[in-house]
Protein chains: 2
Amino acid sequence: MTMNNGAGARRKPPTIHDVAREAGVSRGTVSRVLNGGHYVSPSAQEAVNAAIRRTGYVVNRHARSLITGRSDSVGFLLTEPQERFFEDPNFNVLLRGCTQALAAHDIPLLLMLAGTEDERRRITRYITAGHVDGVLLVSSHSGDPIASELREAGVPLVACGKPIGIGSKVSYVAADDRDGARDMVRHLLAQGRRRIGVVTGPLDTPGGVERLAGYKEVLAEAEVAYDERLVVSGDYSRASGEAGAARLLERAPDLDAVFVASDLMAQGVLTTLRRADRRVPEDVAVGGFDDSPAATAATPSLTTIRQPWDRISSEMVRVLLAQIGGEDPAAVILPTELVKREST
Amino acid sequence: MTMNNGAGARRKPPTIHDVAREAGVSRGTVSRVLNGGHYVSPSAQEAVNAAIRRTGYVVNRHARSLITGRSDSVGFLLTEPQERFFEDPNFNVLLRGCTQALAAHDIPLLLMLAGTEDERRRITRYITAGHVDGVLLVSSHSGDPIASELREAGVPLVACGKPIGIGSKVSYVAADDRDGARDMVRHLLAQGRRRIGVVTGPLDTPGGVERLAGYKEVLAEAEVAYDERLVVSGDYSRASGEAGAARLLERAPDLDAVFVASDLMAQGVLTTLRRADRRVPEDVAVGGFDDSPAATAATPSLTTIRQPWDRISSEMVRVLLAQIGGEDPAAVILPTELVKREST
DNA sequence: ATGCTCTCTGTGAGCGTTCACAGTAGAGAA
DNA sequence: TTCTCTACTGTGAACGCTCACAGAGAGCAT
């Protein structure tokens, strides 16, 4: 018996027609005002704006999209398996940064999760159907098929981090992983450390590859012998940090520092070192990467490499919008910063 | 001189008309197949499906939305100030849960951040313009104006956690905070603790109020005197946990346990206790709330209350979709679970 | 036969916008 | 004057879909 449609029954919103009538002009003129106001007389301009204010008019994006073919929205696509998503605080700030940068252009962000094969197919269909104008792609392991599919379909695309194993024609924004790693290892060397272990990220990710490369470069440049017993790989998770450190201690008990490719793994490394009764930083210095909340949460707090996530997100949006606007793909590399804390 | 539009120039996608021609039927029939297939003969049904597969047809949601008035998308609205957003891992899993639950219905999720007054206005406009069918509202402090505005406008709305200070006609899904608190305090009592301090959340949030209420109830039921020197408030942040514990130690140096209304604050409490040379759990037991990653990351690991975030998100989506479908608002309360670890 | 219901199908209209085009008025040049 | 150019305005068409309606045929009772 009740109306059942909430508090204030949703009334029909005003259309461009209502505004035109209210302002005493034609649809066309209102439309022109809405789209930049070129070829509109000041008086008409003002009348329309007043009418818009009075009626509370908001453009119907569906109608607009239908004719323009644009959707004025972009997708934020996550292809990671579950665990990493909510373990890694970087995704969070990246997501927030992108949302805000887009909001400034009045563009809503659609969150898309392609964890399973099934989801991947649905999302590809959705995107290639033109329901978003472009895609912000986060963390594609190498060979992620969705990136090349989208590329193939001509969808504007910006990746976070350099995608490996894809043709070079895809835009990306990344921190200078290699240089960050160099800074950290130089810092460790400067503290007098010589037996520096490293826990890398997955070697099918740019972060995994580049940070290791930086490590090697600095060792070479300092003429410290490269010892492969000092190198183990993790998957960015806490647990893999614990395991990695255990392996390092076993293979090179004399190590006096560890460079860890993520703060989360570094937390794991700290746990293992504590269990092994190594003091940090007295016996072993530990350097992380990311400057995530985990870095300050750790005891002792972590010396780490800050990635400029705020700039990364805003650059991703900038590059994507440029590409939607017809520009060619571009790559942007941003500098990192060493943050010294208690662990070194 | 170049075409400048990426790899494969985006071709015009097939329309319902193309499918109809391909299947040898009319637009109407194709549309009916698309919308449930009632009043369609099996042979037509099959012909249409085949044609859809052959042409790679995907419905144009803008055209559909234009006429139906529905947008087949929902908003995920965050009204928190920045810090909490990416400090609180719960948002993360909530967000993921909602995205997935919606994906099952083929409904994209629009992420909306209303941090500033300005953003709030824009987003309200966007939503009330009908660009989403409903809103999942996360963490409204009391008096959050956006909730009542949306309610007023008749927008289907489901809050995460019981909104306080709003008329009762808004749907929400929440964990049973009070009961979780009761479990934790009973657990501490069972360990022989009698001087149990508490660091509450902000008292303008349901979590703040309810968890404190549970604490009081159990003390009363156990006939342990309530001592207001044992009660301090925080804001769910690490730092406020540190400060809160310091205040507790000062006002009640004899305390033998602390119930902390969030894991993040509990981490702060642990830090302060360590500085004050109180052993955990020997001297002081610490109980958290949330079972966030912070709980396992802490040393010692935290006994805490697990909130069923996966169920919370799926219930939120269920209730919202029901409401969009015309059902009345509903409240859902879900049980919590005590997780025992090293800190008690 | 006639009427009625029931399933199925095609058709026209219209959702709210933008776009292309045509047209008007005024200014300046020839 | 007349012509051209520029600034501005209004008017049909679309865009791709759903919805209401009309109509066709089948089945069954009257």
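The sequence lines fix the lettering, A, B, ..., with proteins before strands; numbering per chain opens at 1. Fair warning: this is a prediction, and the values are worked out from it, not measured in the lab.
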[X] [atom1] to [N] [atom2], straight-line distance once rounded to whole Å:
| X | N | atom1 | atom2 | value |
| --- | --- | --- | --- | --- |
| Ile16(B) | dT9(C) | CD1 | C1' | 14 Å |
| Arg27(B) | dG12(C) | CZ | P | 9 Å |
| Arg64(A) | dC15(C) | CZ | P | 19 Å |
| Ile67(A) | dC15(C) | CD1 | P | 15 Å |
| Arg70(B) | dT18(D) | CZ | P | 9 Å |
| Leu66(B) | dG14(C) | CG | P | 14 Å |

Ala20(A) versus Ser26(A), closest heavy-atom pair with distance:
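Of all heavy-atom pairs spanning Ala20(A) and Ser26(A), the closest is CB-C, 3.7 Å.
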Glu119(B): which residues meet the salt bridge (charged side-chain N to carboxylate O under 4.0 Å, His left out) condition with it, sequence neighbours left out?
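Scan of Glu119(B) (salt bridge (charged side-chain N to carboxylate O under 4.0 Å, His left out), adjacent residues dropped) gives none.
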For Glu149(B), all residues meeting salt bridge (charged side-chain N to carboxylate O under 4.0 Å, His left out), sequence neighbours excluded:
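Only Arg120(B) meet the salt bridge (charged side-chain N to carboxylate O under 4.0 Å, His left out) criterion with Glu149(B).
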Enumerate the residue pairs fulfilling salt bridge (Lys or Arg N to Asp or Glu O under 4.0 Å) with a member in [range], sequence neighbours excluded, ordered by first and then second residue.
| range | answer |
| --- | --- |
| residues 21-33 of chain A | Asp18(A)-Arg21(A), Glu22(A)-Arg54(A) |
| residues 309-322 of chain B | Glu315(B)-Arg318(B) |
| residues 64-79 of chain B | Arg70(B)-Asp72(B) |

Can you tabulate the close N/O pairs, meaning under 3.5 Å, that link protein atoms to atoms of nucleotides 23-26 of chain C?
none

What I'd like to find out is whether the side chain of Leu110(B) reaches to under 4.5 Å of the side chain of Val132(B), using heavy atoms alone.
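Leu110(B) reaches Val132(B) side chain to side chain.
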For DNA chain D, the residues among residues 43-63 of chain B that have a non-hydrogen atom under 4.0 Å from it:
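Hits under 4.0 Å, by residue number: Tyr57(B), Val59(B), Asn60(B), Ala63(B).
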Residues in contact with DNA chain D, drawn from residues 28-42 of chain B - heavy-atom cutoff 4.0 Å:
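When residues 28-42 of chain B is checked for heavy atoms under 4.0 Å from DNA chain D, the hits, listed by number, are Ser31(B), Asn35(B).
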If the condition is ring-ring contact (aromatic ring centres under 6.0 Å, His included), which residues does Tyr57(B) pass it with, not counting sequence neighbours?
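Once residues adjacent in sequence are excluded, Tyr57(B) has no partner under the ring-ring contact (aromatic ring centres under 6.0 Å, His included) criterion.
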Ile146(A) pairs by side-chain contact (heavy atoms from CB on, under 4.5 Å) with which of Ile127(A), Val135(A), Thr79(A), Leu157(A)?
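Output: one option passes, namely Thr79(A).
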Can you name the side-chain hydrogen bond (donor to acceptor under 3.5 Å, both in side chains) partners of Ser71(B), sequence neighbours left out?
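With sequence neighbours excluded, Ser71(B) shows a side-chain hydrogen bond (donor to acceptor under 3.5 Å, both in side chains) to Ser73(B), Asp133(B), given in chain and number order.
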For Arg121(A), which residues count as a side-chain hydrogen bond (donor to acceptor under 3.5 Å, both in side chains) partner, sequence neighbours excluded?
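In terms of side-chain hydrogen bond (donor to acceptor under 3.5 Å, both in side chains), with neighbours along the sequence ignored, Arg121(A) is linked to Asp118(A).
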From dG10(C), dC19(D), dG16(C), pick the nucleotide closest to the side chain of Thr15(A)?
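Taking heavy atoms from C-beta onward, the closest nucleotide is dG16(C).
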Within the distance-only criterion (no hydrogens, no angle test), does the side chain of Ser65(B) pair as donor or acceptor with the backbone N or O of Arg61(B) below 3.5 angstrom?
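A pair under 3.5 Å: yes.
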Which label fits His131(B) and Tyr126(B): parallel for a plane angle under 30°, tilted from 30 to 60°, or perpendicular past 60°?
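Ring orientation, 0 to 90° scale: tilted.
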Note the angle between the end axes of the helix from dA1(C)-dT30(D) to dA30(C)-dT1(D), five pairs defining each, rounded to 10 degrees.
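The two end axes of the helix from dA1(C)-dT30(D) to dA30(C)-dT1(D) meet at 60°.
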Map Pro14(B) and Gly24(A) onto DNA chain D by nearest heavy atom, then report which one ends up closer to the 5' terminus.
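It is Gly24(A) whose nearest nucleotide is closer to the 5' end.
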